[in-house]
Amino acid sequence: MLLYIALILFVVLKSIVRGQCSTGWTRHGNSCYHFSHDKEDWPNAQFLCNALGGYLVEISNAEEGQFLENQSKLFHNIDDQFWVGASDLLFEGEWMWMTSNTRVSTQLIHWAPGNPSNSNSNENCMTFLNDGTWNDAPCSLLFHYTCEKEVG
Ligand SMILES: *[C@@H]1O[C@H](CO)[C@@H](O)[C@H](O)[C@H]1NC(C)=O
Ligand SMILES: [Ca+2]
Ligand SMILES: [Ca+2]
């Protein structure tokens, strides 16, 4: 009997929890987002997002970009930038979302003025600036990062 009640409770609780994001994650649309407190290089940021069950955030539409810009203003200093999941490591100038292996849509492109600059031929990872624009930066620099995962 007790086991039965425990089982029912478990099922009920699980259905309440489903469709929400765990502590430290913010819900938007069908995804949960984690804005990091630490700063990492791009490979480590991707690794840590994976370890948390997600991936470095990928911007699928303008609305998601707007959400990230809004959140960024809450979490970060005005001149801060954070890693997102795109790079042109494979082919210079060809920007890909690395988890989904899809090309960055030309309709969404929102580079900061003068970018992508590929300065010193060594800027192959994408950051997101507080004003919603993008920068290409050396993948080895330490920045905040944002992880995304689908709502469970
Ligand atoms: C972003 O912030 C603006 C201004 O506060 C608001 O109108 C808009 O709905 C927000 N959008 C998202 C996706 O959070
Ligand atoms: Ca580059
Ligand atoms: Ca740049």
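Predicted model only: the values in this text are computed from it and were never measured.
Applying the ring-ring contact (aromatic ring centres under 6.0 Å, His included) test to Y145 and every residue at least two apart in sequence or in another chain returns nothing. Listed by chain and number, the residues in a ring-ring contact (aromatic ring centres under 6.0 Å, His included) with W97 amount to none (sequence neighbours excluded).
Of the possible polar contacts, none joining the E123 side chain to the S117 backbone as a donor-acceptor pair under 3.5 Å is found. Between the side chain of H34 and the backbone N or O of G24, at least one donor-acceptor pair lies under 3.5 Å. Under the 3.5 Å distance criterion, the side-chain polar atoms of H28 are left unmatched by any main-chain donor or acceptor of Y33. Q81 contributes no side-chain N or O that, together with a main-chain N or O of N135, makes up a donor-acceptor pair within less than 3.5 Å. Under a 3.5 Å cut-off, the side chain of W42 and the backbone N or O of N124 do not form any donor-acceptor pair.
The two residues T133 and A112 come nearest to each other via the heavy atoms OG1-CB, 3.5 Å. Here the shortest heavy-atom pairing between V151 and R27 reads CG2-NE, 3.3 Å. Contact detail for V57 and E64: the closest heavy-atom pair is CG2-OE2, 4.4 Å. Nearest heavy-atom pair across W83 and P138 is CH2-O, 3.3 Å. Residue M96 comes nearest to R103 through the heavy atom pair SD-CA, 3.8 Å, listed as atom of the first residue, atom of the second, then distance.
Linking Ile, Leu, Val, Met, Phe, Trp and Tyr residues whenever their side-chain heavy atoms come within less than 4.5 Å places L56 and F143 in a single cluster. L52 is not connected to F47 by any chain of hydrophobic side-chain contacts under 4.5 Å among Ile, Leu, Val, Met, Phe, Trp and Tyr, and they are in different clusters. Under a hydrophobic clustering in which Ile, Leu, Val, Met, Phe, Trp and Tyr are joined whenever their side-chain heavy atoms come within less than 4.5 Å, directly or via other members, M98 and L141 fall into the same cluster. By the criterion of side-chain heavy atoms lying less than 4.5 angstrom apart, applied directly or through intervening Ile, Leu, Val, Met, Phe, Trp or Tyr residues, V84 is grouped together with F67 in one hydrophobic cluster. In this structure, W134 is not a member of the same hydrophobic cluster as F91, with clusters built from ILVMFWY side-chain heavy atoms closer than 4.5 Å.
The closest side-chain heavy-atom distance from K149 to S22 is below 4.5 Å. At least one side-chain heavy atom of M126 sits under 4.5 Å from a side-chain heavy atom of V104.
Just one of I109, L89, T106, D136 meets the side chain to side chain contact (heavy atoms under 4.5 Å, CB included) condition when paired with W95; it is D136.
Within the structure, disulfide bond (SG atoms under 2.5 Å apart) contacts touching residues 57-108 (residues at least two apart or in different chains) do not occur.
Ring centers of F82 and F128: under 6.0 Å apart, within the cut-off.
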